[in-house]
Amino acid sequence: MRELGYRTVDALVEWLTDDSQPPLRRASAAEMRARLATPAPAKPHDFDGVLARLFADVLPYASRTGHPRFFAFVPGSATWPGALGDLVASACNVYAGSWMESAGPSQLELEVLGWFKDWIGYPADASGVLVTGASAANVTALACARETLAGAMNDDLVLYVGDQAHSSLARAARLLGFRSNQVRVLPVDKRFRLSPRTLAEAIDTDFAARRRPLFAAVSAGATNTGSVDPLRELAGVCRERGVWCHVDAAYGGFAVLSERGRAQLDGLELGDSIALDPHKWLYQPYECGCLLARDGAALRHAFEIVPDYLRDAQANEDEVNFADLGLQLTRTSRALKVWVSLHAFGLDAFRTAIERSLELAEHAAGRLESSSAFELCAPPSLGVVCFRRRFDGVDDEDELELRNAGLVAALEDSGLGLVSSTRLRGRYAIRLCILNHTSTREDVDRVLDFLATAEPAHVDLSVAYERHPTVSATSQDDRSTGLPLFRSLSTDELARATASANERRVRAGESVVARWESSRDFYVLLDGRAEVRIDDDLIRELGPGDFFGELAALEWGAGFSYPRLANVVARTDLQLLVFPNGTLNDLIRDFPSVGREIRAAASERIARH
Ligand SMILES: *Cc1c(COP(=O)(O)O)cnc(C)c1O
């Protein structure tokens, strides 16, 4: 054991301290298969060989998110003590689900949660749980709010998010059975913040229509721009109306540890729940997320179930079974790495590192603002800076996008650093997220120098950018006008009918739906030709204006439906209008003339199966 451990540590230290490596090395699926596709080994392999394979064929093709010039997405720069904490938890195979089996790790988790509550300004009797990440924290929060305020799922519940909210909230709503007409995506103001008035109006409109406004997710560091919603006012809007206010502070929340950050996060503590990601700005190795709930009993009431085979592990009054505070029964101790790394470095080191990131972001923003080569695309906030380069004589949006995307690609190609991009109100922006404790001012300057002067690389932007539904809605309307299925609708009705639809492209030869699968999207073909097949039989040919998928999309009852009864394959490249799972029923209900046409086709088609 010792020998294997020493060799592993030696290899890791060499790997982690090799700063000649780029932040990202991509590889094709074919190359990875060539390197790694092998049957499960029947016989033992020499451990050195196994380790060597990992370092030769696997790890080079994983991003180095802790690289000092990794400014893409949300970087995570873990620490060695944190990783050793994970090793200990893993080697001891700590089960941190029940107090009975893990009094030590459970108390450690309470300690760590206690620190977080203290930093945030939450009451000491608030509850919390460490989870895989903020995606898990967000879905757990939504489930907790629903159980607390409404009990089982019902059609009247409505949730609210600003359009800068993280996609994990949309996924949480989907997972928990919210349909498209139960989620209000609200527009944000010029500084990308959800305004209290917008939220109040949306909630009041739903109350007036006898729906039950349930949950509003507000951002304390939106992933796109770092923007912080006016938390204090939004929490007030929610409190007055009995709506659960959830603060998604996943990446931004730990900025409260610095003076600068705390000033920007005023009102964070007023949320009914808060999602945090220690694996982002608290420098923990993946995975480590956290959900805090202001009401100390809410999580347990929402999630606790005690079957007979777990009665032995029931906790006493002042003990906590963390498995009863969320989804996971079997769970590792994530507290261990947090506790170890905080002790190894001391909290001041974390404060200093966070403060330095904020300073570096201000430095970057200052440089960008004062340089005629660049334009800032959003006010910089919590370590995120969105900008783009100007090019003499170029003001066409598509051309600016092409060249800026070319700069992002050129930087990656150079191996010097990595940034990513986003879209703000439909306009392309380069996005710099400065969170790593390893980054210095020189690192920031080297990347900005590069972007100011480099030749854009050639990039192919022909692959459709998946736009936010509100952004693509206008173009859909134009496309949908000529469709026979919607010919009976006025322009307004058409806009409403297609509001929940997205556009999707499919390449020639690819399958759109496969027989027996249980997907439930409904499709209208905007462009291209497709075939409906069962086994080798050609059932139908489809062209522009035709629709398909209605059989599986129509609800049979209680959310159940037919599986797909045929294959649909693209004969040419296709452009599709996709009505996501569950929205076809709304369409049919709200637009009876469209409904008649779809039902007629459905009954004719089901007869042929
Ligand atoms: C990263 C992030 C999430 C998702 O968290 P994961 O840990 O990736 O699951 C949610 N919300 C915000 C604001 C984030 O930055």
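Indexing begins at 1, ligand by ligand and atom by atom, following the structure's order. Keep in mind that this is a model prediction, so the values were computed, not measured.
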Atom 12 (C) of ligand 1: of Ala134, Ala250, Ala222, the nearest heavy atom sits on Ala250
What atoms of ligand 1 come within less than 4.0 Å of a heavy atom belonging to [X]?
X: Ser168; value: 10 (C)
X: His279; value: 7 (O)
X: Gly221; value: 13 (C)
X: Thr223; value: 12 (C), 13 (C), 14 (C), 15 (O)

Would one find an N or O of Ala136, backbone or side chain, under 3.5 Å from an N or O of ligand 1?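 Between Ala136 and ligand 1, no N or O pair is found under 3.5 Å apart.
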Report yes if Lys280 has an N/O atom closer than 3.5 Å to an N/O atom of ligand 1; otherwise report no.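 Yes, there is a polar N/O contact under 3.5 Å.
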Counting C-beta onward and ignoring hydrogens, is there a side-chain heavy-atom pair between [X] and [Y] closer than 4.5 Å?
X: Ile434; Y: Val444; result: yes
X: Trp244; Y: Cys238; result: no
X: Phe387; Y: Leu432; result: yes

Determine, using ring centers only, whether Phe345 and Tyr283 are less than 6.0 Å apart. no
What protein heavy atom lies closest to [atom]? Include the residue and the distance to one decimal.
atom: atom 9 (O) of ligand 1; answer: Ser135 OG, 2.6 Å
atom: atom 11 (N) of ligand 1; answer: Asp248 OD2, 2.7 Å
atom: atom 4 (C) of ligand 1; answer: His166 CE1, 3.4 Å
atom: atom 7 (O) of ligand 1; answer: Asp277 OD2, 2.6 Å

Looking at Ser381, Ser227, Cys386, which hits side chain to side chain contact (heavy atoms under 4.5 Å, CB included) with Phe192? Ser227
Carboxylate-amine/guanidinium contact Asp445 Arg367, below 4.0 Å: yes
Less than 4.0 Å between a side-chain N and a carboxylate O, is that true for Asp206 and Arg212?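 No.
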Using the six-membered ring wherever Trp is involved, compare the ring planes of Phe55 and Trp15 and label them parallel, tilted or perpendicular (cut-offs 30° and 60°). perpendicular
